[in-house]
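Reading through the structure tokens given below for one structure.
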Amino acid sequence: MDLTIAALLTQDGITNGAIYALLALALVLVFTVTRIIWIPSGEFVAWGTLTLAGMQLGRVPGIVGLLVGMAVVAGAMEAWRCLRAGEARRLPQALALWCGVPLLVAALLWWLAPMNLPLPVQVVLTLVAVTTLGPLLYRVAYQPLAEASVLVLLIVSVALHFAMLGFGLWFFGAEGSRTPAFSTASFAVGAVSVSVQSLFVVGTSVALIGALALFFGRTLYGKALRATAVNRAGARLCGISPEFAGALTFSLGALLCAFCGVLIGPITTVYYDSGFLISLKGFVGAIIGGLSSYPLAAAGALLVGIIESFSSFWASAFKEVIVFTLIIPVLLWRSLTTHHHEDEE
Amino acid sequence: MTTLLDVRKLSVAYGKVEAIHDISIRVDEGSIVTVIGPNGAGKTTLLSAIIGMLPSRGDIVYCGARVGRLSVEQRVGAGLVLVPERRELFGSMKVAENLELGAFARLRHGDRDALRTLDSVYTRFPRLRERHAQEAGTLSGGERQMLALGRALMGKPRLLMLDEPSLGLAPLIVREIFAIVTALKASGVAILLVEQNARAALQVADYGYVLETGECVIEGRSSELAANPRVAATYLGQAAAGNATGI
């Protein structure tokens, strides 16, 4: 292996790692605020790619069906809740939010998708559609169980993962898709050629991480999510409801996954079931960060990307094995260095 | 004086065990009412039920409306605010952020008065202004209690419920906390004060209830309670019954 190859592999690794970092951040965010290990995050990534790919082909993407289905279920659940609590006057507002908004997004997609709009517009539509599914999933599957233990929530996550795989196959079909690169240009830095596409991916990821940091550090809602993560009971006593925090967290998480899907589309062919493996790599990063530290999780994800890229050169058959084996020393190290706190204030 | 909080025949059960049974208490606007009693009498349970953290049977009427079906957040938004025994601060967040989040419901609805409230909280607790950029977890016990009080005040409470505000604090700080409670009453906030430090509580309160094993055994004006031989013997210490002056 000479320096050029090493540089290329590093570039590849950083590009993938930047995408995994977004996933890792989404997983840490969802876990700290809601205690949910968000296994179906990968499906959101795959649906992001498949939605964009569908629009590229001038088809109405399958996500429209998912949006309509989830909107109907969420709307019915909200109606039931409002009527049972004797709060019928809140019903129109709840229906507009949980049923109206997703149906509107679905209609927009159905109308605009076949128009062959420019790529940036399609990307925005994809992001909006996938993001809308996030809070819907929380409302339908997790909110009724919000007080359950981490283990129960994990089991629900596993079940949802399989259910969503099935729905993915149904709505998107079995064929894989790849989206065109945002740019095919490249330039040389010394002996190494750097692709603009890679720079674009890394730049987007860095910008998103920066935006997240600003959101959590400066805005009221960002602080409210941090507060919920730090002390759930305290947050409730300040008037921050767990439902609100959960829905907002899942919106953010889904947005990050949608970005992953859009960014990974030109790199690899994505099938309805490709998301799981991608999200597992985000998980390795998130676990390096102890499912609690954002910077460590992002750094861990970057490491995963680089190790993956080098191992695909040296032992491509064992690429995934090497990446997932990484988790064993990490868990050992974490269990030896961190002390478990039963109840923190 | 109008009634702000009227709790009627409230019962809370953990599984089959009833923690409090048929408790009725009333808090008038602008008054301090205290609930005293030994450990495990159900005082904290009572407050948790009133704020909505625990399911309960019976009626909770606040500002003339039944709030039993409202969520905790809705009750907080209506000015019913609890400072819990464990304080429940956001330890890894700054003091200023803790205070800001106390006004979450108001800020969310674009209430511009919140900034003025922050100023009044800083005036009431100068220590918090000094430490505003520090993480809440680094504060001392007394400062934490002040932050918990300040955070609750940011929500612009009409009824402030305090669960053992003196717990674990040095006597000097306890005196300071009770002085603040009295000052709050003067500013028009009604207070429901749960305390084990009965002497201090009865000194600041207008009315009091004694809770024992989940039931209300005695109630009355706090001066009457302080003079009641049974209360004096059990909660004030016999010798001190005659001259309950210093806190």
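Chain letters run A, B, ... following the sequence lines, proteins first, then strands; residues in each count from 1. Please read all numbers here as calculations on a predicted model, not as lab measurements.
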Checking side chain to side chain contact (heavy atoms under 4.5 Å, CB included) for the pair L237(A)/V81(B): CA distance, chi angles, key distance, verdict? CA-CA 7 Å; L237(A) 292 174; V81(B) 178; over 6 Å; no
Could you tell me which non-hydrogen atom of V230(A) sits nearest to which non-hydrogen atom of S92(B), and how far apart they are? CG2-OG, 3.4 Å
What part of L80(B) is in contact with chain A, defined as an atom under 4.5 angstrom from a non-hydrogen atom: side chain, backbone, both or neither? neither
Close side-chain approach of C238(A) to V76(B), heavy-atom, < 4.5 Å: no
Quick check on A229(A) against chain B: is it the side chain, the backbone, both or neither that has a heavy atom closer than 4.5 Å? neither
L220(A) versus E100(B): any side-chain heavy-atom pair under 4.5 Å? yes
Under 3.5 Å donor-acceptor, N231(A) side chain and L89(B) backbone: yes
Which heavy atom of F104(B) sits nearest to which heavy atom of A224(A), and what is that distance? CE1-CB, 3.5 Å
How far apart are the C-alpha atoms of E97(B) and R226(A), what are their side-chain angles, what is the distance that settles it, and do they pass the salt bridge (Lys or Arg N to Asp or Glu O under 4.0 Å) test? CA-CA 10 Å; E97(B) 290 174 324; R226(A) 272 166 64 209; 3.2 Å; yes
Between M154(B) and chain A, with a heavy-atom cut-off of 4.5 Å, which part of the residue counts as in contact: side chain, backbone, both or neither? neither
Tell me whether the count of non-hydrogen atoms from other residues, nucleotides or ligands lying under 6.0 Å of NZ in K94(B) goes above 12. no
Could you state the interatomic distance from CD (E73(B)) to CZ (R236(A)), rounded to the nearest 0.5 Å? 4.5 Å
How about CG on L172(B), more than 12 heavy atoms from neighbouring residues, nucleotides or ligands closer than 6.0 Å, or not? no
Would R108(B) and F244(A) count as a cation-pi pair here, with the cationic atom under 6.0 angstrom from the ring centre and within 45° of the axis? yes
Region of I51(B) that comes under 4.5 Å of a non-hydrogen atom in chain A: side chain
Does atom CD of Q93(A) have more than 12 heavy-atom neighbours, drawn from other residues, nucleotides or ligands, at distances under 6.0 Å? no
If you look at every heavy atom in L101(B) and K223(A), which pair is closest and at what distance? CD1-O, 3.7 Å
Has R127(B) got more than 12 heavy atoms of other residues, nucleotides or ligands less than 6.0 Å from its CZ? no
